[in-house]
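Below, read A as the first sequence line, B as the second, and so on, with proteins coming before strands; counting in each chain starts at 1. This is a predicted model, so every value here is computed, not measured.
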2 protein chains.
Amino acid sequence: MIDARLITLRVFARCGTIGATAELTGYSPSAVSAQLRELQRMLGMQLLTKDGRGVRLTATGRFLVAGSDSLIAEWESLRAAAMEAGDQVQSRFGLGGFSTAAAQLLAPLAATLRSTRPLLEVQVLEANPARCFDLLVAERIDLAVIVAMQSDTYIEDDPRFEQTVLLDDPLDVIIPADHPLASRETVTLEELASEPWITEAAGSTYHALFTAAFTAVGVTPRIAHEAVEWETQIAFVGAGLGVGLLPRLAPLHSTENVVRLRISGKGRPSRRIVAAVRRGSIASPLIQESLGILQDSAHRILTARPEDDR
Amino acid sequence: MIDARLITLRVFARCGTIGATAELTGYSPSAVSAQLRELQRMLGMQLLTKDGRGVRLTATGRFLVAGSDSLIAEWESLRAAAMEAGDQVQSRFGLGGFSTAAAQLLAPLAATLRSTRPLLEVQVLEANPARCFDLLVAERIDLAVIVAMQSDTYIEDDPRFEQTVLLDDPLDVIIPADHPLASRETVTLEELASEPWITEAAGSTYHALFTAAFTAVGVTPRIAHEAVEWETQIAFVGAGLGVGLLPRLAPLHSTENVVRLRISGKGRPSRRIVAAVRRGSIASPLIQESLGILQDSAHRILTARPEDDR
DNA sequence: GATAACCGTGCACAATAGGTGCATGATTGA
DNA sequence: TCAATCATGCACCTATTGTGCACGGTTATC
């Protein structure tokens with residue numbers, strides 16, 4: 001409803017280059033370039049300036065993008081209200097998410113929607129959290145389930161999105177099956193202070209969460225190895241290279257020669273799983289129904305856990 | 001910026017038929033029909049229903065149109081702010097107006113803009129007040145100078161428009177040059193109570209103003225003849241058929257065998273001349289400049305009048 | 001300081017959204 | 001019953017808007 005060119009401009013404002021904007025919106029770079037040129041012509045405003053080998057927004061451009069936040073939100077809100085008032089049905093619905101955790105929530109959501117709303121075209125895109133937000137802005141998806149590290153600066157106040165906490169996913173410790181502590185049910189991080197740790201490379205959000213968990217209990221872990229995928233980390237642990245942290249929702253197959261222990265004591269780290277939508281759209285019947293389904297799934301996951309871990 | 005189809009829907013909401021919408025927007029009826037069909041498809045909402053040989057808005061449609069008022073206003077406001085912030089120039093500017101009174105204000109405005117902003121394409125459309133509002137909604141024009149009868153219910157609170165009073169245009173009495181009172185400078189309506197009057201047909205806004213003026217002084221005029229155009233009315237008066245009321249801004253050529261007298265006493269009727277713009281757009285530099293020019297013109301007209309008539 | 005990589009843009013061409021005009025069907029009023 | 005009014009479908013056409021590729025300018029690397 002809002003001109004596609006303005007949406008493109010907003011995406012450009014997020015990623016800064018024409019090429020990335022093209023990739024994100026699904027257009028070719030030439031098309032993005034032409035769209036932005038046309039937008040400037042029709043508004044009679046100069047929105048972009050050459051900057052080195054790229055382009056950047058002018059002050060007017062930034063102003064327009066900033067101001068368009070509330071415009072988009074108002075449209076989403078109006079559409080949601082009209083859908084609700086008229087008991088109308090949406091035809092396309094895009095979902096975004098990342099990691100097995102998100103998949104565990106998105107899969108039942110998509111399945112349920114497919115049965116309750118047979119006419120609805122549901123599309124699921126796998127993308128990391130940052131890209132999910134980009135895809136929301138680009139209107140490629142309408143709802144995203146993302147895994148936010150607890151230490152992240154929480155962007156609840158972003159004028160473009162509204163977020164709903166679904167559940168907190170605690171991190172467990174994984175140690176080799178032949179480790180002296182392997183028969184325990186719970187451990188404290190202090191007890192594992194001298195172990196060689198396996199984590200992700202510094203700079204990743206998981207790494208930030210990792211260190212935050214240890215600083216909370218006043219311990220400095222010795223980082224022995226680095227792994228990106230949970231699977232890799234589990235394999236390292238199974239090979240006796242060290243110990244690591246693993247989110248509760250990440251599956252651990254019994255064949256792995258690795259045991260999972262809950263963390264007791266203070267400083268129990270967790271990831272926060274939230275649903276994000278474009279601001280204003282949260283009143284839409286479809287979004288409401290989806291959030292309900294997601295929260296049911298989250299509740300089912302929570303009730304399957306030991307009481308003190310919820 | 002807001003999708004043209006929504007604008008079309010809004011125009012339809014005002015005039016009720018596809019044909020009228022087509023005429024007002026400049027499209028063909030088929031195009032309007034197709035646009036509205038496409039709009040419903042893309043929103044997944046049923047906005048129209050068959051109603052006899054025409055169509056009418058559904059509840060959802062009315063809801064959407066009502067809610068879109070603030071959306072349009074916010075966009076206009078954003079565009080205006082961006083134009084001002086970036087010191088940018090607009091390329092097209094549509095003006096609307098009706099009657100010689102409006103023309104006297106619009107002509108100098110268009111002329112001034114043409115010299116101060118040579119790149120600006122100024123288009124002037126002559127249209128009666130109701131149509132001017134329609135044209136504003138349809139985004140065919142950006143500013144309208146309209147003549148509102150004082151008795152009209154004043155639509156200042158319409159969420160779609162913002163209005164600025166330019167000046168009040170008093171009505172004078174015109175009488176034949178050989179009338180006994182012709183040498184006077186001013187008359188009261190009471191003095192002319194027994195004269196045969198010429199006015200417009202009952203039901204017109206001018207007729208409403210006419211009767212309001214007389215009821216204010218407790219006189220019931222005898223309506224002898226009816227005329228639509230001022231020119232016709234002047235000719236009738238010149239022919240000695242009766243007397244009439246004529247706005248100060250309506251030109252009276254000396255060859256007409258008619259004299260113009262100001263009305264003294266209470267109940268001096270007048271028309272109100274106002275400038276109307278889409279809500280939100282009033283902050284735009286171009287609108288601001290235009291309103292300034294219009295007010296200058298109005299001021300010049302006022303200062304040319306006797307003091308007690310301003 | 002040459003060269004490669006990157007980024008945006010212009011151009012030829014293609015697809016398709018979106019327009020017009022006319023014919024048709026449905027409904028209402030004379 | 002007939003004419004007038006209104007919306008819509010269809011055939012056709014236009015022009016907007018997309019793609020793919022080549023090119024020029026800028027930055028980073030060796």
Side-chain donor-acceptor contacts of residues 136-144 of chain B below 3.5 Å, not counting sequence neighbours, with atom names and distances?
from, atom 1, to, atom 2, distance (Å)
R140(B), NH1, L24(B), O, 2.6
D142(B), OD1, R278(B), NH2, 2.9
D142(B), OD2, G94(B), N, 2.9

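On the nucleic acid side, DNA chain C has its first and last nucleotide under 4.0 Å of a heavy atom of chain B at dG18(C) to dT28(C), going 5' to 3'. Protein chain A contacts DNA chain D from dT17(D) to dT27(D), reading 5' to 3' and using non-hydrogen atoms of the protein with a distance under 4.0 Å.
In terms of the salt bridge (Lys or Arg N to Asp or Glu O under 4.0 Å) criterion, residue partners of E23(B) (sequence neighbours excluded) are, by chain and number, R131(B). Taking the side chain to side chain contact (heavy atoms under 4.5 Å, CB included) definition, one finds that R114(B) meets it with nothing, sequence neighbours left out. Under the rule for a side chain to side chain contact (heavy atoms under 4.5 Å, CB included), the partners of T17(A) that lie at least two apart in sequence or sit in another chain are A20(A). Applying the salt bridge (Lys or Arg N to Asp or Glu O under 4.0 Å) criterion to R117(B), with sequence neighbours excluded, gives E289(B). For S77(A), there are no side chain to side chain donor-acceptor pair (under 3.5 Å) partners two or more places apart in sequence or in a different chain. Residues that satisfy the side chain to side chain donor-acceptor pair (under 3.5 Å) test with R14(A), not counting sequence neighbours, are D134(A).
Looking at which nucleotide of DNA chain D each of Y27(A) and R53(A) is closest to, the 5′-most match is held by Y27(A).
The side-chain hydrogen bond (donor to acceptor under 3.5 Å, both in side chains) pairs that include a residue from residues 31-48 of chain A are T8(A)-Q35(A), E38(A)-R41(A), where partners are two or more places apart or lie in different chains.
Ring orientation note: the planes of F133(A) and F161(A) are tilted relative to one another, at an angle of 30° to 60°.
Taken to the nearest 0.5 Å, the OG atom of S70(A) stands 3.5 Å off from the CD atom of E74(B).
Side-chain atoms of R160(B) do not come within 3.5 Å of backbone N or O of D69(B) as any donor-acceptor pair.
For the residue pair L39(A) and M1(B), the shortest heavy atom distance occurs at CD1-CE, 3.6 Å.
Heavy-atom distances under 4.0 Å link DNA chain C to R5(B) of residues 4-15 of chain B, given in residue order. Within residues 28-43 of chain B, the residues approached by DNA chain C to less than 4.0 Å at the level of any non-hydrogen atom are S28(B), S30(B), A31(B), Q35(B), in residue-number order.
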